[in-house]
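Order of the sequence lines sets the chain letters (A, B, ...), proteins ahead of strands, with each chain counted from 1.
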Amino acid sequence: MEIISNLALGFEIALSPSTLFYCFIGVLIGTFIGVLPGLGPTMTIGMLLPITFHLPPTEAIIMLAGIYYGAMYGGSTCAILLKLPGTASAAVVCQDGNAMARQGRGGVALVMTALASFVGSCFAILLLAAFAPPLAEFALRFGPPEYVSLMVVGLLLAAVMGGGTVLKGLGMVLLGLLLGMVGQDVVTGVPRYTFGFLQLYEGVDIAITVIGLFGIAELARTSVRTNHRPAGQAAPIGKLTWRELLPGRSDFRTAAGPTVRGTMLGSLLGILPGAGPALSSFMAYAAEIRLSSTPERFGLGAIEGITAPEAANNASAQTSFIPAFSLGIPGDAITAVILGGMLIHGLVPGPQLISSNPTFFWAVVASFWIGNLLLLIINIPFVGIWVKLLQIPHRFLFCGIMAFVAVGVFSIRGEPFDILLVLALGVIGFLFLYLGLEATPLLLGLVLGPMLEASFRRSMLLSRGDPSIFVTRPVSLVLLTFMLAIIVLLVTSALRGRRRAQRGNSLGAETEQKRQPL
Amino acid sequence: MSIPLMRRSRVVSGLLFIAVGGLAAFGAAGYSVGTIARMGPGFFPLVLGVLLSGVGVALLLGGMRGNAVDERAVQWDEVWLGMRPMLFSAAGLVQFAFTINIIGLPLSTGILVIIVSFSERKFTPTERLITAIALAGGVYVVFGLMLNLPIRMWI
């Protein structure tokens with residue numbers, strides 16, 4: 001089968017020393033920032049993006065992607081040991097994971113989450129290898145109207161799935177699209193929304209947006225929460241000996257089902273734009289509670305409660321690359337940033353990516369698998385290092401991150417203006433956090449905005465101003481019908497939900513839904 | 001039952017969207033809008049601005065009816081607490097922006113760290129200094145030596 005020969009080629013490249021090195025660095029950094037609360041993969045990738053300029057494109061993307069799924073492994077470590085989520089997707093692991101730690105089963109929790117993450121990733125990578133190329137083939141026949149419909153559907157999904165109310169999500173998408181309008185219009189050369197600032201002529205840099213909205217804002221919030229937390233919440237870690245680390249046979253048996261289910265759920269959700277690892281892990285947790293015959297054990301150290309979410313978040317991280325590589329539509333915020341990075345390196349995202357850069361695609365897929373293997377090693381035997389790391393007081397991390405933010409942002413263009421910009425975005429982002437406004441839909445809008453406008457313009461030129469082109473072309477029609485179906489589903493479920501709530505009923509899995517941006 | 005108006009996230013968000021959407025649309029009208037067949041630079045932004053305001057109105061109205069199940073009170077008190085780290089971070093970053101091209105990377109980073117460290121009360125003066133020096137040095141090593149970026153390093 002062609003897939004096997006392609007994978008063989010990919011592995012050949014991925015196993016070369018330089019590629020391997022950057023893969024390792026990526027997953028190492030990923031675990032590092034995943035473990036530390038307040039530092040997110042989104043911001044880190046944004047910060048390291050300009051630094052990857054000096055690297056060849058394949059290595060650069062492999063490293064950045066490694067940071068992404070590496071963080072998915074690391075996030076649970078902090079959640080289990082300190083009851084603080086290292087990444088938003090690990091938030092749901094805090095309860096049961098920390099409970100297990102207090103019962104002396106911390107080692108088991110750490111091992112099981114790493115294994116679950118690995119299983120989730122492996123399956124999702126297979127999906128990526130199997131489905132991305134044919135999907136891209138199909139999408140090669142897309143014209144501008146199909147792109148418009150595709151992007152609209154993607155943005156709508158992002159608005160809906162991003163947590164928070166649909167209206168808020170829609171508003172954030174629109175806000176992101178507007179932000180994407182800043183700068184010189186490519187077609188007419190007219191500077192838009194630049195307020196006379198020359199530095200804005202090229203638009204708002206995606207790395208800066210990410211660092212401000214996801215980085216500074218989250219950092220400030222973690223600062224508030226760490227300093228004003230009621231005392232006595234952390235678990236005494238003690239020494240983790242090898243024997244304590246090994247899960248028993250019954251642990252494996254209990255965790256098998258949830259891991260599989262989490263993988264399935266995560267793989268599916270990761271493909272949908274806007275649905276990120278955080279959502280996947282929450283839904284996997286909720287699903288496990290509903291499916292369990294003993295739901296009262298959740299929150300008290302149920303191993304299902306940590307393995308399902310972890311499998312889900314890793315699976316969704318990997319599958320979010322499916323729409324990214326095959327269609328050029330990011331599956332979530334981080335993939336959006338990585339796509340931005342690909343653009344910088346001359347790899348234009350879109351259906352033609354796989355066919356014109358097959359070595360890139362297959363090398364990346366192979367390196368995903370290698371990276372996950374490396375992560376298994378980093379996270380299980382070397383977990384002691386991460387435990388030590390967590391004992392650094394927050395205030396040092398805060399200063400360190402701020403320093404790196406300042407220098408990192410400055411290194412993009414050498415423009416002091418960018419620092420003020422990132423600050424402004426940080427303040428706005430902080431406000432957004434407390435208003436329940438998700439930054440992910442905004443980011444997707446920012447990334448897709450210019451493309452959407454260009455495609456829309458082209459569609460209108462093609463049809464000479466006739467908007468019916470979007471429904472007369474078959475693929476576009478299908479996409480829009482799909483969108484309509486989603487809207488209908490939403491409205492009916494929202495109405496049903498309101499009616500249920502008015503009857504004073506509270507359904508089973510009412511886990512506190514902290515939908516935070518990554 | 002009722003959460004006061006300004007503590008309802010949908011009301012505040014709605015107002016925000018209306019304001020931004022309105023401003024955006026207003027600004028967009030200033031660029032030539034054109035027709036749908038030949039879109040000018042202002043067309044798309046205008047549409048976006050109008051849509052955003054529309055969403056804002058819907059949010060505002062929904063928030064004012066106040067019968068939502070998922071409505072959360074905005075935790076303004078936590079926002080207020082966040083002002084301290086925000087303020088010091090802002091001061092530090094502004095300082096950095098203005099001095100980086102004058103006194104170089106390690107120095108401005110060091111000063112940044114010192115300013116930012118005041119957002120945390122738990123620092124002792126010695127710790128502040130050591131952290132500042134360590135980070136200034138670290139940043140120099142990573143960005144100056146390892147990555148060799150064209151940034152001014154000294155006065």
Exercise. Does S468(A) have any side-chain hydrogen bond (donor to acceptor under 3.5 Å, both in side chains) partners at least two apart in sequence or in another chain, and if so, which?
Worked result: D466(A)
Among [options], which residue forms the greatest number of heavy-atom pairs with chain A at distances under 4.5 Å?
options	result
P41(B), G27(B), S108(B)	P41(B)
S32(B), S117(B), G56(B), A90(B)	A90(B)
V139(B), V116(B), L105(B)	V116(B)
L112(B), V113(B), L59(B), V20(B)	L59(B)
G82(B), P45(B), A134(B)	P45(B)

Heavy-atom contact with chain A under 4.5 Å, split by part of [X]:
X	answer
T131(B)	side chain
F88(B)	neither
F123(B)	both
L93(B)	both
L81(B)	both
L51(B)	both

For this session: State the CG-CG distance between L48(B) and L452(A), to the nearest 0.5 angstrom.
Result: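 It comes to 8.0 Å.
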Problem set entry | From CZ (F43(B)) to CG (D185(A)), nearest 0.5 Å |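 Rounded to the nearest 0.5 Å, the CZ-CG separation comes to 13.0 Å.
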Would you mind checking which part of [X] comes under 4.5 Å of any heavy atom in chain B, side chain (CB onward), backbone (N, CA, C, O), both or neither?
X	answer
V190(A)	side chain
F430(A)	side chain
F417(A)	neither
M402(A)	both
L462(A)	neither
R464(A)	backbone

For this session: State, to 0.1 Å, how close T109(B) and A403(A) come at their nearest heavy-atom pair, and which atoms those are.
Result: CG2-CB, 3.8 Å
Exercise. What orientation do F404(A) and F143(B) show, parallel under 30°, tilted 30 to 60°, or perpendicular over 60°?
Worked result: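 Aromatic pair F404(A)/F143(B) classed tilted.
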Exercise. Where does the angle between the aromatic ring planes of Y31(B) and Y193(A) fall among parallel (under 30°), tilted (30 to 60°) and perpendicular (over 60°)?
Worked result: perpendicular
Exercise. Does some side-chain heavy atom of F410(A) sit less than 4.5 Å from a side-chain heavy atom of N101(B)?
Worked result: yes
